[in-house]
Structures are given as C-alpha cells and as structure tokens.
Asker: 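Got a structure for you, questions after.
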Amino acid sequence: MELVVFLPTYNERENLPLVVERLFGLGLDLFILVVDDNSPDGTGEIGDRLAEKHADRMRIIHREGPRGRGLAGIVGLREASAMDCRFVVEMDADASHDPGELPRLLEIAQDADLVIGSRYVEGGTAENFGLLRTLNSKVAKFLTVLFLGLRYTDPTSGYRVYRREILLPLPWDRMISPGPSIVEETLYYIKRNGARIVETPIAYRDRHKGSSKITIGIILRWIMTLMRIRWTAARN
Ligand SMILES: Nc1nc2c(ncn2[C@@H]2O[C@H](COP(=O)(O)OP(=O)(O)OP(=O)(O)O)[C@@H](O)[C@H]2O)c(=O)[nH]1
Ligand SMILES: [Mg+2]
C-alpha cells in the first residue's frame with residue numbers, strides 16, 4: 001500500500017472514530033495503525049470495533065505498562081515502517097490535524113524524505129492558541145533550537161509524512177523519550193542522517209472532544225529529556 005497512518009491514542013473515544021472515517025473517506029491507499037495505551041475511557045475497545053469493521057485496513061496495538069506519547073510513538077513508527085508501504089504518516093487522533101490536508105502533504109513528500117506540517121510557517125495557523133499555549137509552544141521551540149539545534153518553524157509538530165526508508169535506521173531501542181519529546185528526538189536523528197526535510201503550512205484546530213494529556217509533570221520531564229537527547233545520540 002501507499003501509506004500507513006500511525007495514530008497514538010490516550011482517551012480519545014469520541015475523536016478516534018471521526019479521524020478514522022475521515023482518513024478512509026479520502027479514498028487513498030492507506031492502512032491505519034493505532035497505538036493505544038490502555039485508555040481508561042474505552043478508546044481501545046472502540047478501536048477494536050473499527051478495526052473489525054475495516055478488516056485488512058486497520059490494526060490497533062494495545063500497550064500495557066507505563067503510558068507515554070513517546071513510548072507509543074516508538075512502537076507505532078517502528079511497526080509502521082516495518083510494513084510494506086512508501087510513506088508513514090503520523091498525526092494526532094484528536095482531530096487537531098486535519099486528514100483533509102494529507103493529500104497536499106503527500107504531494108510534497110514525493111520530493112522529500114520528511115514533510116512537517118507547520119503551524120508557524122507562512123500560511124500556517126493555530127486555532128484557539130491563547131497566551132499560555134502560545135507561550136508553551138514558543139518556549140518548546142526555543143529549547144529545541146538551544147538543545148538540539150533544530151532550526152525549524154515547528155519542530156514539535158506531530159503531523160508528519162515520513163518516507164519509510166528514513167525511519168529504518170533510527171535507533172529505536174536506544175531512544176530516550178517517554179513523552180512528547182519523541183517528535184524532536186526522531187527529527188534530530190533524521191536530520192543527522194542527512195534527510196531532505198520540508199515544512200508546509202497546516203491549520204491546527206482545537207481538539208474535537210476530550211482534554212489534553214499535557215500536564216506540568218510531562219512538561220518538566222519533556223525539558224529534562226530534551227537536554228539529554230544530543231548527549232545520548234552522540235553515543236548512538
Ligand atoms: N498512546 C498514547 N497516546 C498519547 C499519550 N499521550 C498523548 N497521546 C496522544 O497523542 C496525541 C497528542 O496528544 P494531546 O494530548 O492532544 O497533546 P497536544 O496535541 O500536544 O496538546 P493539545 O493541543 O492540548 O491537544 C493525541 O492523539 C493523544 O491521544 C499516551 O500517553 N499514550
Ligand atoms: Mg492535541
């Protein structure tokens with residue numbers, strides 16, 4: 001198939017069916033891989049039902065043990081890149097990333113190894129980003145440049161199209177991000193490997209239903225991890 005779309009989920013029971021149906025509605029040759037961290041709200045069971053309905057075109061992995069966007073991301077990208085496809089897509093399952101933008105991202109991916117959907121490149125937007133979220137996002141970007149030298153307009157964006165081959169050499173067993181810094185960690189290695197990386201504008205919407213998984217604890221751990229990525233990578 002052409003694409004494997006990886007969706008990380010934690011408590012997205014109302015959003016997952018919407019995103020899955022919108023993705024299948026695009027009429028692309030795609031497979032959906034969901035990695036759920038045993039969500040207490042029953043997202044896993046809803047995912048099972050969707051996978052039954054879309055047999056052969058969708059699979060859900062149920063992770064046990066400690067949860068984390070990064071832990072799920074490592075499993076998801078690794079599994080997806082082991083499948084027979086040309087591109088691996090990563091996007092949030094809360095409808096913040098519009099599946100409708102995927103065909104355009106894919107077109108750009110024809111001449112790139114990684115396409116990043118950016119909220120901050122000319123033409124990109126972020127709905128409902130109040131002072132706190134804007135500040136959070138700006139600080140995240142600043143620290144990413146400071147610690148990792150990743151000078152992109154939106155290095156923390158989780159809407160991406162990867163050419164499958166660029167994921168294969170990544171040192172998944174030695175990656176250190178349990179949480180959201182996984183997006184910076186993968187970007188760091190991919191850039192180091194000399195990939196062609198392109199940013200393109202996206203319209204980031206507020207999550208459809210439910211609440212953000214980002215807590216103060218996750219932010220603090222995120223900063224600590226970010227500081228260690230370059231150091232760890234030097235030995236990888
Ligand atoms: N499997 C798994 N997925 C997660 C975990 N934490 C977050 N996610 C998923 O990762 C995606 C992004 O998480 P969000 O909580 O929306 O974080 P965000 O988009 O940075 O923050 P908001 O803008 O506030 O929504 C969503 O699809 C979440 O369900 C986790 O611990 N495990
Ligand atoms: Mg979100």
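Values reported hereafter were calculated over all heavy atoms of this structure, with side chains retained and with hydrogens, waters and symmetry mates removed. One-based numbering, in listed order, for ligands and for the atoms of each. When a residue number appears, it is its place in the shown sequence, counting from 1.
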Asker: Side chain, backbone, both or neither: which part of Glu12 has a heavy atom under 4.0 Å from ligand 1?
Answerer: side chain
Asker: Can you name the atoms of ligand 1, numbered from 1 with element, that are less than 4.0 Å from a heavy atom of Val35?
Answerer: 1 (N)
Asker: Regarding ligand 1, does Phe129 bring an N or O atom to under 3.5 Å of one of the ligand's N or O atoms?
Answerer: no
Asker: Number the atoms of ligand 1 from 1 as they appear, then name those within less than 4.0 Å of a heavy atom of Arg207, with their elements.
Answerer: 14 (P), 15 (O), 16 (O), 25 (O)
Asker: Where does Leu7 meet ligand 1, judged by heavy-atom distances below 4.0 Å: at the side chain, the backbone, both, or neither?
Answerer: neither
Asker: N/O to N/O below 3.5 Å, does that happen between Ser96 and ligand 1?
Answerer: no
Asker: Can you hop from Tyr162 to Val35 via hydrophobic side chains spaced under 4.5 Å?
Answerer: yes
Asker: Could you tell me whether Tyr204 approaches ligand 1 through its side chain, its backbone, both or neither, with non-hydrogen atoms closer than 4.0 Å?
Answerer: side chain
Asker: Return a yes/no value for Gly68: is any of its N or O atoms, backbone included, closer than 3.5 angstrom to an N or O of ligand 1?
Answerer: yes
Asker: Show the numbers, then the answer: is there a ring-ring contact (aromatic ring centres under 6.0 Å, His included) between Tyr120 and Tyr152?
Answerer: CA-CA 9 Å; Tyr120 307 119; Tyr152 299 97; over 10 Å; no
Asker: What atoms of ligand 1 come closer than 4.0 angstrom to any heavy atom of Asp37?
Answerer: 1 (N), 2 (C), 30 (C), 31 (O), 32 (N)
Asker: Is Pro8 close to ligand 1, meaning an N/O of one under 3.5 Å from an N/O of the other?
Answerer: yes
Asker: Can Arg163 be said to sit on top of Phe87's aromatic six-ring, NZ or CZ under 6.0 Å from centre and within 45° of the ring axis?
Answerer: no
Asker: Starting from the Mg ion (ligand 2), look over the N/O/S atoms of Asp94 and name the nearest one.
Answerer: OD2
Asker: Who gets closest to atom 21 (O) of ligand 1 by heavy atom: Gly44, Pro178, Ala126, Ser212?
Answerer: Ser212
Asker: I'd like the name of whichever of Glu90, His62, Arg69, Arg63 reaches closest to atom 8 (N) of ligand 1 through any heavy atom.
Answerer: Arg69
Asker: What part of Lys213, side chain from CB on, backbone N/CA/C/O, both or neither, has a heavy atom under 4.0 Å from ligand 1?
Answerer: both
Asker: Using the ring of Tyr204 (Phe, Tyr or Trp, six-membered ring only), decide whether Arg119 places NZ or CZ under 6.0 Å from its centre and within 45 degrees of its axis.
Answerer: yes
